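These values consider heavy atoms only, across backbone and side chains, with no hydrogens, waters or symmetry-generated copies. Only a predicted model underlies this, so the values are computations on that prediction, with no experimental measurement involved. Numbering of residues begins at 1 and proceeds along the displayed sequence.
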Amino acid sequence: MSKIIYYIGLIVCLAKLRTILDFVWFYFLRPTNRWEKYLQGPSPYAVVTGATDGIGKATAQELYDKGFNLILHGRNENKLKGVIEEIQSAKSKRTGKVQDVKYFLEDASKVGIDFEGIARRFEGLNVTILVNNVGMYTIGLERFDEWTEEVHMEYVRANSLFSTFLTRAFLPSLRATARARPVLVVFIGSFGDETAMPRITLYSAAKHFNRRVALGLHADERFDIPDDKAISFMYVHVGQVNSQMDREPPNFVRASSEHFAEKLVGTFGCGRQIVIPYIGHYVVKLVYTTIPEFLATKMLRDSAHEQVERAIKESKLRS
Ligand SMILES: NC(=O)c1ccc[n+]([C@@H]2O[C@H](COP(=O)([O-])OP(=O)(O)OC[C@H]3O[C@@H](n4cnc5c(N)ncnc54)[C@H](OP(=O)(O)O)[C@@H]3O)[C@@H](O)[C@H]2O)c1
Ligand SMILES: *[C@@H]1O[C@H](CO)[C@@H](O)[C@H](O)[C@H]1NC(C)=O
């Protein structure tokens, strides 16, 4: 009997030890320059969607500084041109050159987007990184049935379907590039895909959809292509980040967009399919999964209440 207890104890301890070692490895020891492999070969391009603000803009800047040419997406031409001007006002820190920046415009929430037409416009360029970052988030007093079906669909399109079908349209050329050099497709997700925060049901569901698409495609490409010649896919867990979506000031649990983008790019090429780039987000997740469920539920509800109140205040300020 005591032997059985001993072995159970040993297994539990080893499992915990593995988690701790993995934590130390991932946040303190792991090489964070694996993104360099996506720079191999002539003129590598990185695509970033939702690049006019927050995480997308900071990620675009980070990739530019690291030597990538860019294809940026936005919906507001003036704002996007301003961002491109800002990025190109300095030389890339790595290459010492002004890198090329191209762009395309599209309201991601709309129906009838010509995804293949977009991909065709950039055909022949060696895209080695695609960051599906665009996302739309609103929290308010409205219940699920108080939003129209059409508004729900706009959120589903902007948060999931746009990323899914943009990726689909780029797949043939990404696959061709991946035969010669590593190619990565990233989906920016959210902890919302695992938690049940009130008032954002379809946002959470859409993020979960992206996670399944990322993991599914990673396996799908490897069905008939060897691992080293196949496109890699990665889903990114994001906690709070200071951006247009969350204007509260940065602190340990809420990263600035710039800091988050630096950590994010540091995970590119790490070989994992799901990552939590920022350590503060890891700690938040640890707390949520360790405390009793009723407490976690209460914290989510309180957080939703706070966010709703803030959103109402902000909309009053604006009007
Ligand atoms: N911030 C957070 O706390 C947080 C947490 C978890 C996950 N995330 C995820 O991180 C990603 C980036 O969010 P963020 O925090 O950087 O938000 P943000 O500051 O609001 O930036 C969102 C970007 O997406 C663009 N966009 C929004 N709706 C669009 C539409 N319908 N069509 C085309 N472009 C559209 C915005 O363009 P405009 O400049 O024209 O508005 C902007 O470039 C999202 O996928 C979000 O879900 C963020
Ligand atoms: C893309 O890369 C291939 C080799 O990997 C190269 O032959 C080709 O010229 C590159 N295309 C462009 C437009 O740089």
Side-chain angles (χ1 to χ4, degrees), residues 49-50 53-56 75 107-111 113 132-167 186-217 234-248 253-254 260 273-276 278 281-282 284-316 318:
T49 67
D53 229 313
I55 296 169
R75 56 177 160 181
D107 183 338
S109 69
K110 292 288 165 270
V111 262
I113 295 173
N132 287 301
N133 163 75
V134 70
M136 224 162 91
Y137 179 91
T138 304
I139 187 163
L141 285 174
E142 299 83 2
R143 296 194 175 94
F144 191 73
D145 49 311
E146 290 167 347
W147 280 23
T148 65
E149 215 177 296
E150 176 50 23
V151 169
H152 277 308
M153 281 311 294
E154 285 177 3
Y155 280 81
V156 170
R157 287 193 288 265
N159 285 308
S160 300
L161 300 181
F162 183 81
S163 303
T164 304
F165 291 107
L166 185 71
T167 299
V186 179
F187 287 81
I188 301 297
S190 166
F191 281 144
D193 73 351
E194 288 180 344
T195 54
M197 171 115 102
R199 293 297 188 264
I200 57 164
T201 299
L202 277 195
Y203 174 82
S204 308
K207 292 299 182 188
H208 202 93
F209 182 99
N210 293 350
R211 175 168 158 173
R212 294 329 309 176
V213 170
L215 299 186
L217 286 178
M234 190 167 91
Y235 177 80
V236 181
H237 261 147
V238 186
Q240 288 170 284
V241 174
N242 167 272
S243 72
Q244 289 306 308
M245 236 176 236
D246 180 350
R247 302 213 183 90
E248 295 298 292
V253 299
R254 185 183 297 105
F260 183 79
Q273 270 69 71
I274 297 186
V275 293
I276 306 174
Y278 176 58
H281 295 163
Y282 180 93
V284 170
K285 180 176 173 163
L286 193 66
V287 169
Y288 268 102
T289 49
T290 307
I291 60 177
E293 209 180 316
F294 79 91
L295 256 185
T297 305
K298 181 180 178 317
M299 282 167 73
L300 282 168
R301 193 164 49 223
D302 290 349
S303 167
H305 273 294
E306 264 170 47
Q307 287 188 40
V308 168
E309 273 160 36
R310 217 181 295 135
I312 292 172
K313 226 186 278 164
E314 278 172 16
S315 78
K316 274 195 191 134
R318 251 176 277 133

Ser160 OG to Arg211 CZ distance, which is reported to the nearest 0.5 Å:
13.5 Å

Side chain to side chain contact (heavy atoms under 4.5 Å, CB included) with Ile200: which of Thr138, Ile139, Thr195?
Ile139

Would you name the heavy atoms of Lys285 and Glu194 that are closest together and state the gap between them?
NZ-OE1, 3.2 Å

Which of Asn210, Asp193, Asn132 passes side chain to side chain donor-acceptor pair (under 3.5 Å) with Tyr235? Answer is Asp193

If you count every heavy atom of other residues, nucleotides or ligands that lies below 6.0 Å from Glu149 atom CD, does the total exceed 12?
no

Where do Tyr137 and Tyr203 land on the ring pair (Phe, Tyr, Trp, His ring centres under 6.0 Å) test, with the steps shown first?
CA-CA 7 Å; Tyr137 179 91; Tyr203 174 82; 4.7 Å; yes

Backbone N or O of Ile55 within a donor-acceptor pair of the Ser243 side chain at under 3.5 Å?
no

Check whether any side-chain N or O of Ser204 sits under 3.5 Å from a backbone N or O of Gly192 as a donor-acceptor pair, and report yes or no.
yes

Closest heavy-atom pair, Met299 versus Ile291, reported as atoms and distance to 0.1 Å, is SD-CD1, 3.5 Å

Working to the nearest 0.5 Å, report the span between CZ of Arg75 and CE of Met136.
7.0 Å

Any donor-acceptor N/O pair, His281 side chain to Gln240 backbone, under 3.5 Å:
yes

Taking Ser109 for its side chain and Glu154 for its backbone only, find out whether a donor-acceptor pair lies under 3.5 Å.
no

In short, Gly135 meets Met245 closest at the heavy-atom pair O-CE, 3.4 Å

How far apart are the closest heavy atoms of Thr167 and Phe187, and which atoms are they?
OG1-CZ, 3.7 Å

Atom pair OH/CG of Tyr155 and Leu161 - distance to nearest 0.5 Å:
15.0 Å

Side chains of Phe144 and Leu202, heavy atoms from C-beta outward: is any pair under 4.5 Å?
yes

Measure from the side-chain N and O atoms of Thr289 to the backbone N and O of Leu286, and report whether any donor-acceptor pair falls under 3.5 Å.
yes

Does some side-chain heavy atom of Ile274 sit less than 4.5 Å from a side-chain heavy atom of Leu215?
yes

Is any side-chain heavy atom of Val241 less than 4.5 Å from a side-chain heavy atom of Asp246?
no

Ring-plane angle category for His237 and Phe191, please: parallel below 30°, perpendicular beyond 60°, tilted otherwise.
tilted

Can you tell which of Arg143, Glu142, Arg301 makes a side chain to side chain contact (heavy atoms under 4.5 Å, CB included) with Arg199?
Arg143

Side-chain contact test, heavy atoms from C-beta onward, threshold under 4.5 Å: evaluate it for Met153 versus Glu150 and give yes or no.
yes

Minimum side-chain heavy-atom gap Arg157-Ile113 below 4.5 Å:
no

Residues pairing under salt bridge (Lys or Arg N to Asp or Glu O under 4.0 Å) where one sits in residues 288-300, two or more places apart or in two chains, turn out to be Lys298-Asp302

Pair Thr164, Phe209 - check side-chain contact (heavy atoms from CB on, under 4.5 Å), show working.
CA-CA 9 Å; Thr164 304; Phe209 182 99; 3.4 Å; yes

With distance as the sole test, does Asn133 use its side chain to make a donor-acceptor pair with the main-chain N or O of Gly50 at under 3.5 Å?
yes

Closest non-hydrogen contact found for Leu300 with Met197 is O-SD, 3.4 Å

Please tell me if the side chains of Gln307 and Ser303 come closer than 4.5 Å, counting only heavy atoms from C-beta onward.
yes

